[in-house]
Amino acid sequence: LAQAALWLLLTGLPAYPHTPAMGTSTSNLGACAWVFPLRSSQRSSLGETGKNHDQLAAADLREVTLDADTSQVALRDAPEPLAESQEEVFQEGMRICPASSHKMECSQRCKDGKLDGFDGVMPTHSSGSGLALAPLSQQMQAFGRDWVRMISRTQLLGLFLGLVTYVSFLHIELDERYPKANDMLAVTGLVSSFWVFEVLPLPVTSMLPLVLMPFAEIMTSVTASSAYWGWVQMLFFGAFVVDIAVEHVELHSRIALKVLRVVGVSRPWIVVLAFLVISYFLSMWCSNTATTVMLVPFATGLLDSALQQQSKPQANGSSGPKLEGGKEEAAKLNRFSVGVLLSIAYGASCGGVATLIGTPPNGVLAGLPIVTAAIGSSDWFQFAAPLSVVLVVLVYAAIYLMFIRGVKLELDDTVISKAYQDLGPLNRDEVVVAVIQFLQFAGFLVRKDLVNNPEMGNLIGVNDATIACAAGLMLFFVPSVKRPGEPVLTWEVAQERLPWGVLILMGGGFAIAKGFQTSELTQCIGEKLAEFAGVGRLWLTLFIVGSVCLLTEVTSNTATANIILPILAAVSAETLMHPLALLLPATAACSFAFMLPAATPPNSVVFATGRVKISYFVRAGVCLNALAIALGTLLIYALAGVIYDVDGPFPEWACLPEDCVWVPIPGLVRGQEVSSQACGLIEQDICRILDGTVLNATSLEILDPM
């Protein structure tokens, strides 16, 4: 509000909200003008095609009709393009369209700017150079009503709960030893509420820690800002650049269409399996949202052709399905449509689990200081690939049994063939991008064994972020054959398509994690939850997977990771339990989101087609969530022990200076004889080892034996 007021005072240019308004034209007081937002797609279209406002199609225009007797307002499409005298003025995404008197009747209420439902209006005094707005005083009076129209009930609930949580925790002292812990918990509660209810866009909410923590004296602005951009963001940045190149040269479309042409579309179960496998494979390396957006049009085109075949006249002249039956076969076709679209959404979610760059929650895990030295692309792939394969098999089995079994029809592959032909022959740009994508993946897999190996490269300082960005850089050095004089990928294309919001969202999670450590909230929470961590690892894994799986159904999986992972890291540091024993189940479960459209972007994209009802999501999702929790728990339990040895002692690489010290005290730790072990800090220079013995961290003098 302060910024808006300052802007108004300095510039004198009032900025009215996007709520529709109405006024009258001075040139024709018998006519009314109206203001509507210009959609972003229209702005983009105008910018790309070079059209001016005189060339806008009539279908994009709206006309307001006011009955002078009843004051009833009706909106309808303009029947024809506006005349030259009926100018359309574009300014900051708004448009004003004066209407001629023969198209509408206006009452005195319209002239006075007091039409019901349209507040803050005035007669139009614009000659085409800008928007006509009400006086500033009227605009300010309408501020409250406009704000209420802008925010939904769900957002209002989230705002209320967030503020109540924030104020409550500010006045509750968790522990006198940690005076800033309650402040950090208040910030976390507010941000979590805003994330869950999407009070603000998720990336915008992610900036709240940077705003609130310095004012709460938890950390400085410099320290908080540094959390928003680190090696994990650069890892995803490099991976995103290569993904954008794949989409830019349409390599992903060629792969998808080629597979569909090879396997054919004659049998429904093969079609579903093909879409599932394509979505699964592409989402390992590309954004799962981009993968879904690319595949859905091909799927809907194929389904539309099947619907057209079903309604074609038969050889005997009767209309109806070519298949036997009527309503029954139509129902089967509907089930088949649901199965195909769900396979795309679920395949994208399963594929994202397999690679470190496949989905943002994996990156949130890799960026946590307590595990950043242990998580790499190669070992993550060894852990997650078997889990993702099992998930995709479960998805196919569930979709087949619920939607595909019993469906028999022959589909026309004309849509697929035409789309593939439109791509033209394989070109050099696609080959170059494919090679660079392969080199990036290979670099991830061999980096630890070759580059970091003391006997080979001995470049200990190189991590996956360097590999990812090296691959991205190559794209700007290779000339394009389709666009002579340009590289395969230009910076203009890259920056336009880069998902900056995802990077900021991850940064917000890292800022919260750093705030946990700085405010000593990690120690406070760890002490409170220490007893809970004492149950067996199998049951602990089951509880974490089940809880996170349910939470991620109602909020973004990245926001879920940002909320849960720092808390579990705090429990690990306090209990001296291997951090990955807690963090791996939570991270993997963030992708077990099958039940609701809002759970993941792929689900939302499929739901937006209007062909998949929420009931279908719930029907398939309940079954898949239950199977994922049960089998996922067993797999995570086994793979975490084999790949990361999470049953062993607390590792030295996880012993952060602010949480613990590494002491040369031998003993039996979690069934293993060790010569040194972690000692969790209780207070300055005082620590406790796993068996409960309290030591002086400097002299190693025993202060309180077990």
Side-chain angles (χ1 to χ4, degrees), residues 260 263 265-280 283 288 291-292 295-296 298-300 302-304 306-307 310 321 323-353 387-411 546 549-550 552-554 589 591-632 635:
L260 289 172
V263 301
V265 294
S266 59
R267 286 168 286 187
W269 68 270
I270 288 184
V271 175
V272 171
L273 181 61
F275 275 109
L276 178 64
V277 171
I278 293 169
S279 179
Y280 171 77
S283 62
N288 52 13
T291 298
T292 308
L295 288 176
V296 163
F298 298 144
T300 54
L302 188 65
L303 296 171
D304 288 341
L307 183 62
Q310 188 189 54
L323 309 171
E324 296 181 0
K327 294 183 178 180
E328 181 181 352
E329 295 304 330
K332 288 183 178 180
L333 180 57
N334 180 60
R335 285 166 44 204
F336 173 68
S337 301
V338 173
V340 169
L341 294 172
L342 287 181
S343 69
I344 295 173
Y346 292 165
S349 296
C350 295
V353 177
L387 176 63
S388 68
V389 169
V390 170
L391 285 176
V392 82
V393 170
L394 292 176
V395 166
Y396 181 72
I399 290 177
Y400 178 82
L401 293 175
M402 292 183 183
F403 302 107
I404 308 302
R405 184 173 54 177
V407 176
K408 296 180 180 179
L409 71 163
E410 293 185 6
L411 301 176
C549 181
L550 295 178
T552 197
E553 290 290 354
V554 296
S591 297
F592 296 175
F594 305 107
M595 196 165 62
L596 294 175
T600 63
N603 289 7
S604 300
V605 171
V606 166
F607 180 71
T609 64
R611 300 169 186 250
V612 183
K613 300 178 182 178
I614 291 183
S615 59
Y616 293 133
F617 272 107
V618 174
R619 178 183 172 189
V622 168
C623 176
L624 286 173
N625 279 3
L627 291 173
I629 291 173
L631 296 182
L635 277 172

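Residues: numbered from 1 along the sequence shown.
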With rounding to the nearest 0.5 angstrom, report the CZ to CG distance, Phe594 to Leu627. 9.5 Å

Spatial distance of atom CG (Leu295) from atom CG (Leu276) [nearest 0.5 Å]: 10.5 Å

Tyr346 vs Tyr396, side-chain contact (heavy atoms from CB on, under 4.5 Å): CA-CA, chis, key distance, verdict: CA-CA 9 Å; Tyr346 292 165; Tyr396 181 72; over 6 Å; no

Roughly how far, to the nearest 0.5 Å, is the SG atom of Cys350 from the CG atom of Leu394? 8.5 Å

For Phe403 and Val272, run side-chain contact (heavy atoms from CB on, under 4.5 Å): C-alpha distance rounded to whole Å, both residues' side-chain angles, the deciding distance at 0.1 Å, then the answer. CA-CA 10 Å; Phe403 302 107; Val272 171; over 6 Å; no

Residue pairs passing the salt bridge (charged side-chain N to carboxylate O under 4.0 Å, His left out) test where at least one lies in residues 336-347, sequence neighbours excluded: none

Specify the closest pair of heavy atoms between Ile344 and Ala299, including all atoms of both residues, with the distance to one decimal. CD1-CB, 3.7 Å

Could you give the distance from CG (Leu391) to CG (Leu624), rounded to the nearest 0.5 Å? 9.0 Å

Do Met595 and Val622 have side-chain heavy atoms sitting under 4.5 Å apart? yes

If you measure from CG on Leu273 to CZ on Arg267, what distance do you get to the nearest 0.5 Å? 11.0 Å

side-chain hydrogen bond (donor to acceptor under 3.5 Å, both in side chains) with Tyr616: which residues, sequence neighbours excluded? Asn334

Could you give all pairs that pass the salt bridge (charged side-chain N to carboxylate O under 4.0 Å, His left out) test and reach residues 595-611, with sequence neighbours left out? Asp304-Arg611

Donor-acceptor pair, side chain of Ser283 and main chain of Ser279, under 3.5 angstrom: yes

Can you name the closest pair of heavy atoms from Asn603 and Ala593 and give their distance? ND2-O, 3.4 Å

I need the Thr552 OG1 to Phe592 CZ distance, nearest 0.5 Å. 10.5 Å

Are any non-hydrogen side-chain atoms of Pro597 and Ile614 less than 4.5 angstrom apart? yes

For Met402 and Ala620, work out which heavy atoms get closest and say how close. SD-CA, 3.7 Å

